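Heads up: the structure comes next, in structure tokens.
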Amino acid sequence: MQLQRAHVLVCHGTNCALHAPQALVDAFRRALRETRLEPEVRVVETGCFGLCEQGPTVVVYPEGTLYCRVSPADVGEIVSEHLLKGRPVGRLLYRDPAAVKTVQTFPEARYFQKQVRVVLRNCGVIDPSSIEEYIARGGYLSLGKVLTTMEPAGVVQAVTDSGLRGRGGAGFPTGLKWRFAARAAGEPKYVVCNADEGEPGTFKDRLILEGDPHAILEAMAICGYATGAHRGFIYIRGEYRLSITMLENAIKSAKELGLLGKNILGTGFDFDVEVRLGSGAYVCGEETALFESLEGGRGEPRVKPPYPTDRGLWGRPTVINNVETLASIPHIIEKGPAWFRSLGTPGTPGTKVFTLCGNIVNTGLIEVPMGITLREVIYEIGGGIPGGRRFKLAQTGGTSGGCVTEELLDLPMDYDTMAKAGTALGSGALLIIDDSHCIVDVARSFAKFFMHESCGKCAPCREGTRRLYHIIDGIAGGRGSPRDLELLELLSRTLYMTPLCPLGQTAPLPIMTTLRYFRPEYEAHFGSGVCPAGVCAEPGGSTKEARAW
Amino acid sequence: MVTLTIDGQKVTVPGGTTVLEAARRAGVAIPVLCHHPDQEVKAVCRVCVVEVAGSRTFQASCAHPVAEGMVVRTNTPALREARRTIVELMLATHPDDCLRCERNLRCELQSLAEKLGVREIHFDRLVREVPGDRSSPSLFRDPSKCIVCRRCVYTCSQVQGVGILHPVHRGYETYVAPGWGRGLMEIACTLCGQCVHACPVGAIGEQDQTAEVWAALADPKKHVVVQTAPATRVALGEEVGLPSGTIVTGKMVAALRRLGFDRVFDTDFTADLTIMEEGHELLHRLKNGGVLPMFTSCSPGWIKYMEHTYPEYLPHLSTCKSPQQMFGALAKTYYAEQAGINPADIYVVSIMPCTAKKFEAQRPEMNSSGYRDVDVVLTTRELGRMIREAGIQFDRLPDSPYDDPLGISTGAAVIFGATGGVMEAALRTAYEVVTGRPLPKIDFEPVRGLQGIKEAEVDLDGTCLKVAVGHGLSNAQQIMERVKSGEAGWHFIEIMCCPGGCIGGGGQPIPTNTEVRIQRSKGIYQVDRELPLRKSHENPAVDQIYREFLAEPLGHRSHELLHTHYTPRARYGPPGGKS
Amino acid sequence: MGNEEKQCVCAIIARYRDVPGPLLPILQGIQEEHGHLSEAAMHQVAASLGRPPGEVYSVATFYTLFSTRPRGKYVIRVCENAPCHIKGAPAVIAELEKALDIKAGETTPDGKFSLEFTSCVGICGVAPAIMVNQDVHGNLTPSSIAQVLGQYR
Amino acid sequence: MATVTLNIDGQKVAVELGTTILEAAQLAGINIPTLCYLKDLNVVGACRVCLVEVKGARNLQASCVTPAGEGMEVTTNSPAVRNARRAVLELILSDHPYECLTCIRSTNCELQALAEAFGIRRVRYEGERLQKPLDQSSPSIVRNAEKCVLCRRCAAVCEKVQNVQAIAPQNRGFGTVIAPAFEAGLAAADCVLCGQCTLVCPTGALHEKDDIQKVWDLLSDPAKHVVVQTAPATRVSVGEGMGMPPGSIVTGRLVAALRRLGFDRVFDTDFTADLTIMEEGYELIDRIKTGGVLPMITSCSPGWIKYIEHFYPEFLAHLSTCKSPQQMFGALAKTYYAEKAGIDPADIYVVSIMPCTAKKFEAGRAEMGSSGYPDVDVVLTTRELCRMFKEAGLDFAELPEEEYDAPMGITTGAGLIFGATGGVMEAALRTAYEVITGEPLASLDLEAVRGMEGIKEATVQVGDLPVKVAVAHTLGNARKVMELIRSGQAGYHFVEIMCCPGGCIGGGGQPIPTDLEIRQQRIKAIYTGDAAMTLRKSHENPAVQALYAEFLGHPLGEKSHHLLHTHYVERRRNRDL
């Protein structure tokens, strides 16, 4: 193995991939060849580094210099100035919005200062297509550890002790889930990775899979060992092409090295993983709907109980975990439950990956300890609201979460506190909305999503999500009346309490919370009123948004 | 056993019981809609939600299992509001046309709205506009009334194994229909009508032909004769409010006379005749190495199922027409001759427990008399409707006997109405014909009852006859797969399309469920027990018809009038075409 | 269905028929290969899996990535969920409709483009975003639409 | 008896001369459908649903008004008849709101049942529909003219049975409505709110004001102590509303069901019925002894009270000053019971279950607040209660029998028979006899005042005084009695008047249908219940005795006067305006 004096890391995450980073990589390789730096500088295609708004990003090690919005035309200058002469290219450096100055190396950026990268520790650092790089960063060590030194029950105990809770949104204790599955009667058992990420505003699982696919495979194998399963499925959105490619490639190389398949590491433990694709149905993110879909049916949720750990995929005991949950596992095994518990809050230990989007300076992927406040995330990491606008509201946990206003920005973010505040931590999506937007228009967008994604199996969700949309659309169109708000509240109460699955049960959250905080703005639209934000045009008539999907 | 508290009362029930069931034991009937006593839990309508202490959301009581110490409340303001809102949501997309709906006063949605005291629909009316289907002669579908409870889906797929009704599309656009917008007549629908029993509303029903019968009755030139299927006499009473399984044979005959039928005959007569023909066919096949096992061919849903699904096995079907069709053929030949009436003037109406019989009567080959053998088929429900419209006080009617000669029948024919009945009737006759000895015991218990597949062996003087009986097409499918595998070794198999046999037919009164089927079945065997003649070959009218008209079983005339052939059918035909 | 398509569908079925729960992978394969699921293809799938054809149709109509009708060579999926919405998706969609002269749910007369709404596809960091077949385009404005479409014209 | 023989659908039927074809057909086992027909009361041939073919007649005949003739040949079920009936029904439906699913009469509606029986699958006539506002002006009855089929049964009952004529046909042709004069609201009319019209209405055009939600709200508020009282007549009719045969006695189940709904105490109006006997009995004795105004007339029936206030205001002094048992109960619940139970009367809410729609009005009378609070907070009719039971999913027939709570649930047979016409009189006499004579009654059953005869008279020897009494039910009969009194010829000491036919068992809030036969079944049940009780005389009720001992002192005492007695007001008569 040859040592290199510098590494050029080019982000290949989907958000950066918009800008054809392959051209960047090619340009770097060409320039390095031309300058004969090729043997000493290595170009690495990595997963997401986080700063999606600034993409494509390039990080040059060992200094950790962060270049943003790099185009192939800039490559010559970076090579000749930085790599040859050691002078960073000032005009491409990351400009910290809060500090109003450029930042030489990325750890100086406020964007990174409050972050704790556990789940994302390899993202943007290693070449995700290289199992060697994963192994070099300690990958598959935890699998080796559990297979050679731990009893299955000990693994379950370690996960239980860590206090890890499901990162898909519900926050169910992962150790408990594993214990139920381990105890359940019935063979075979399955491990399913829920990568059907569909919550609007959420793209963490996509970027984790793109940036560190082996972590998921390792975690699934650990889970299989702990629960007695020998087969795993990763159910992933059909739209996530790069993740799918990365996963398939990772499975292939792991099998080649005997880290998956028969007799892993010579321990006699067998575990296989397959990738299965969704076909466009948000509801398949609900675990039992996912099973239905994986089995080849309509992705409609099942009645619970029985729970998946008793009767899941094909009626067998099944552990189903979210990508981010699984991504924490190898670290918990490696560093121990106590270490994990030292992060985050007592009720929700560990870190959480959030995705920032909407009206915020730094959109992208971040990982922070549980319990951080929304204000810190928005203003310190996220760089605040762009364009001199004011913060109006944030939607936490994706569209199925609720909304919070300025007053709630100092709440510590964890499952229980957020739920108490009437919203949800959920998938970790943070959609920031500034004061140029109309609450009715935004709420309509939420409602439209649920109308479109309701599976249609249970009556209240099937009919109720459509009604939510129609009523809000009517208000936006100037056809609203106080009665409509009563109806929205009635519907919200019904939807919150009665549907078969969480899709319908959470559909009213954004409506209930926006109604709670912005009722006068809804009311302003009534009759011949106007939209205070000037977004909903044509009062009295149908707006553009009224058209069907 | 598990003890829980429901509305403040302690209830002890076996573990695994649902909250719904436990509440019923506590005297609380939680309202339900998608729930059906014979079906798996769906929990999709959410009308039966209850509060379970400790649970964030309400729970569907039909699906939620009891647990020790559970505290349940079934009647809080929030629950009432939620239930009512859910029903309002359904009603707001449901056509408000009770007054002209097939299921008016027999509609579960209507009675639910009444029970919950829904007095206002808070939501704008948004009726789903989906095309209806009147392609088949037996059934109509009106998906605009569908509440997507999926009970029909379950029945079609799980009970009947036919699988032509599915939820299509997604979300609020979901409704239940055959694929690609096809009509029932364009696909492998057996027209059994079991979906009608499953449907809580008027989204599926029989094609109503009462108007045609009223018109025929009013036409003085027409000589209108009616035949009544065995299973109708233990079910019709339900249409006029009598308990399930009440035997109303004499009152039914009287009512038919009141309606103006010129002759009231009995399909039981041709059921006896079927035993003669089919029995001899079986003996013939046994003797001459014919195709075995031989299947019964009385059930038109079963026949259509075979034509679609197992066309290569059509030679296994008995060539006998069903009793309904034998009757029609004889009414327009033998009876016409005897009564001296021009067969062109004879109009045959059947009262059948069956929707598929409407299709059967229209099959092009069913005209061996030179005319349509049967002109109109009415279901038991349609006859009930005619009786109600005519204002006949059914329970006050004096019992009236059938007319001669096509109204003379035996207990063997009556039991055609229940699963296993054809088999039992055939065995009663076959035994005596083959052995020449009277049967030691007339009741063949092994072929009776609601078990899905029944098997028996009968010793016919050294020949061991192996028989099987199946009802419900998913059981038929299992039998077919065993026949296919060649392991079974059966000689004779009775298949009835509908669960329970014809007493559970798709044209029977609503509701029809297991409980009701058991009562009707009891009625059937009681009629049999109480009849003086209980073997088909002892029927003097049958004896007479062979003497005067047919000559002998399987004879030339029988062949021409009483036997038929079958047509292989595709599972999906082209759009607009027939399958 | 032409013979060629039939064989192709056969091959796709053969590829997946032994995986557990083969229906979705098969339909995905056919969708990808033929751009839509024809009735004939669905019948073929149903027959080979021993499932009622109506059930295959039922499944196919549930998922938005499946189409039971032919679509354009390029399927443009526009996201209209909140993250894209507040970053200007309505204007981008309007521009797309104008540029293609079709409404969402329609296909251009030359069969080149279909325009469809989709739910969030997880590229909210660069909202508003669209997908053209498998390609992702983000940070769109009405003025960048011509350039994006240009890549496919 | 002259008979005629006719032929109906081929059957020979011999009937009494004057029998209609409709009745003759019924004898022959044929139910001809009807809509406007109401035996003996509304025989007007208006709806034309009962058309039949009579041989020789040019057009079809309405069988409800056509007498059977000798040798007549009638066809009830020919194509012409069916088509005509169906066309008539379609026309009626074309002007009827399509809202069965939210209608209060759904599944208990004659029009809905006809549509079903006729197999109506389409309505070919679309067009204008009558549009009229809902009349919710009265506290008892709601009038929805849009659902009215103009059968006029309500007008017939109002005129012929009750002699009130509060509603009658107005306007003509398509614009016809059945309404109070000037299409005013019922509150502005002479309507006594008896609700007899709601019993005969075939559809949802006239129905009780639904107060269920108020009760659900009370029950769900943990801060409220909600007590319920059940009127005597409800225990023999609630069963019908829950699918049991008429006349089923369901007292114990009724109590159990009310507990299941969540009432904190289940009490019985029978208790204050006994109390009424004490107060009214002493009032009568007092009037006789002191030369007070006679005859004294009972005051339990709020429809009757409103009637006399409208029509015979000059006789108000004849009315007993006793409040009705319902109101006595309310006043005591918020005083005596509150004190005994140690509950702040402000937290006590009283719900009444009454066979009566007029009770809703009575509870709202301004003077009914002597406890310092409204004596009764919500009045539900039997029908509304059944609806609550159904919504709560109670499996009524399977409920265990439970006992009323003490003390206001302890009663006698005398209290129970208040539910039937003559019952108050009988109960009063049982007590008056023993109080005055000090001797036990030889026979408790005073057959002379029982039964469905419109006006019953009797003279009972009480000691040396022959007491002359009269009993009337329905306001038509009340009017006759009043005219007799006015003429001065009557010589009655005591008169019982009940507004509704048969007394409270035939009240306007009872289950539908309520007809003669059903009323008789309910009456039978009332007397069966009385006979089965150990205590059958009001003055023997230990709880009543305790009430006097602990709280009231003695009948007609000061506390009684304050809480249990009332006064009446003269009301304007519209027809005099």
Side-chain angles (χ1 to χ4, degrees), chain A residues 14-15 17-18 52-53 55 197-203 205-206 237-241 274 276-282 293-300 314 355-359 363-365 395 398-399 429 431 433-434 437 441-442 445-446 448-449 452-453 455-456 510 544-545 547-549, chain C residues 16 19-29 31-32 45 49 51 55-56 58-67 77 79-87 89-91 93-94 97 103-105 116-127 129 131 133-140:
Chain A
T14 291
N15 289 348
L18 302 176
C52 301
E53 176 73 17
E197 183 175 62
E199 196 61 60
T202 312
F203 42 96
D205 296 344
R206 161 182 236 156
R237 294 193 64 170
E239 293 93 332
Y240 279 13
R241 279 300 147 152
E274 291 170 41
R276 300 297 278 270
L277 273 49
S279 279
Y282 164 78
S293 180
L294 224 165
E295 290 172 18
R298 293 163 65 89
E300 294 172 341
W314 289 294
T355 46
L356 307 183
C357 55
N359 304 127
T363 61
L365 191 67
Q395 192 182 39
T399 295
L431 172 64
I433 298 173
D434 71 26
H437 293 284
D441 179 60
V442 171
S445 159
F446 298 150
K448 193 172 186 179
F449 171 74
H452 189 240
E453 292 300 340
C455 80
K544 254 188 338 210
E545 312 309 321
R547 79 197 145 188
W549 282 73
Chain C
Y16 295 108
V19 310
L23 181 54
L24 254 66
I26 290 172
L27 294 181
Q28 284 159 353
Q31 173 76 39
E32 184 152 340
V45 172
L49 299 182
R51 293 169 81 162
E55 195 181 320
V56 175
S58 169
V59 171
T61 55
F62 185 84
Y63 295 97
T64 55
L65 292 188
F66 295 140
S67 174
R77 292 196 169 82
C79 170
E80 227 287 281
N81 295 146
C84 281
H85 184 83
I86 65 158
K87 292 292 266 295
I93 295 163
E97 289 182 334
K103 293 272 162 217
E116 289 183 1
F117 280 113
T118 182
S119 284
C120 178
V121 284
I123 31 183
C124 325
V126 291
M131 285 182 81
N133 289 356
Q134 301 297 343
D135 306 341
V136 176
H137 301 268
N139 286 331
L140 295 173

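All values reported here derive from a predicted model rather than from experimental measurement. Protein chains get the first letters and strands the later ones, always in sequence-line order, with residue 1 at the start of each.
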Identify the two heavy atoms, one from Y240(A) and one from G122(C), that lie closest to each other, and give their separation to 0.1 Å. OH-CA, 3.7 Å

By a 4.5 Å heavy-atom criterion (distance strictly below it), what part of E239(A) contacts chain C: side chain, backbone, both, or neither? both

Note, I123(C) side chain near R206(A) side chain (heavy atom, < 4.5 Å): yes

Which one of R276(A), Q395(A), E300(A) has the most heavy-atom pairs closer than 4.5 Å to chain C? R276(A)

For the interface with chain C, which of G456(A), G55(A), G278(A) has the highest count of heavy-atom pairs at distances below 4.5 Å? G278(A)

When you compare the side chain of T363(A) with that of K87(C), does any pair of heavy atoms fall below 4.5 Å? yes

For H452(A) versus S119(C), what's the shortest heavy-atom pair and its separation? ND1-OG, 3.5 Å

Sort N359(A) into side chain, backbone, both or neither according to what part of it lies under 4.5 angstrom from a heavy atom of chain C. both

Closest non-hydrogen contact found for L24(C) with S293(A) is CD2-OG, 3.3 Å

Look up atom CG in N139(C) and atom SG in C52(A), then write down how far apart they are to the nearest 0.5 Å. 10.0 Å

Counting only heavy atoms closer than 4.5 Å, note whether L431(A) contacts chain C via side chain, backbone, both or neither. side chain

Atom CZ of R237(A) and atom SG of C120(C): how far apart are they, to the nearest 0.5 Å? 6.5 Å

Note: vs chain A, highest number of non-hydrogen pairs under 4.5 angstrom among T61(C), I26(C), V59(C) is V59(C)

Does this structure show an ion pair linking R51(C) with E295(A), if we count only N-O contacts that are shorter than 4.0 Å? no

Looking only at heavy atoms and a cut-off of under 4.5 Å, which of I86(C), V56(C), T64(C) has the most pairs with chain A? I86(C)

Closest heavy-atom contact between S445(A) and N81(C)? OG-C, 3.6 Å

Heavy-atom contact with chain A under 4.5 Å, split by part of P25(C): side chain

Of the backbone (N, CA, C, O) and the side chain (C-beta and beyond), which part of T355(A) lies under 4.5 Å from a heavy atom of chain C, both, or neither? neither

About how many Å separate OG of S58(C) and CZ of R298(A), when rounded to the nearest 0.5 Å? 4.0 Å

So which part of F446(A) gets closer than 4.5 Å to some heavy atom of chain C, the side chain, the backbone, both or neither? side chain

Walk me through it: do V136(C) and R241(A) pass the test side-chain contact (heavy atoms from CB on, under 4.5 Å)? CA-CA 10 Å; V136(C) 176; R241(A) 279 300 147 152; over 6 Å; no

Among the listed options L277(A), T202(A), D205(A), the residue most often paired with chain C at heavy-atom distances under 4.5 Å: L277(A)

First locate atom OG of S279(A), then atom CZ of F62(C), and finally report the distance between them rounded to the nearest 0.5 Å. 11.0 Å

Does any heavy atom of chain A fall under 4.5 Å from the side chain of A82(C), the backbone, both, or neither of them? both

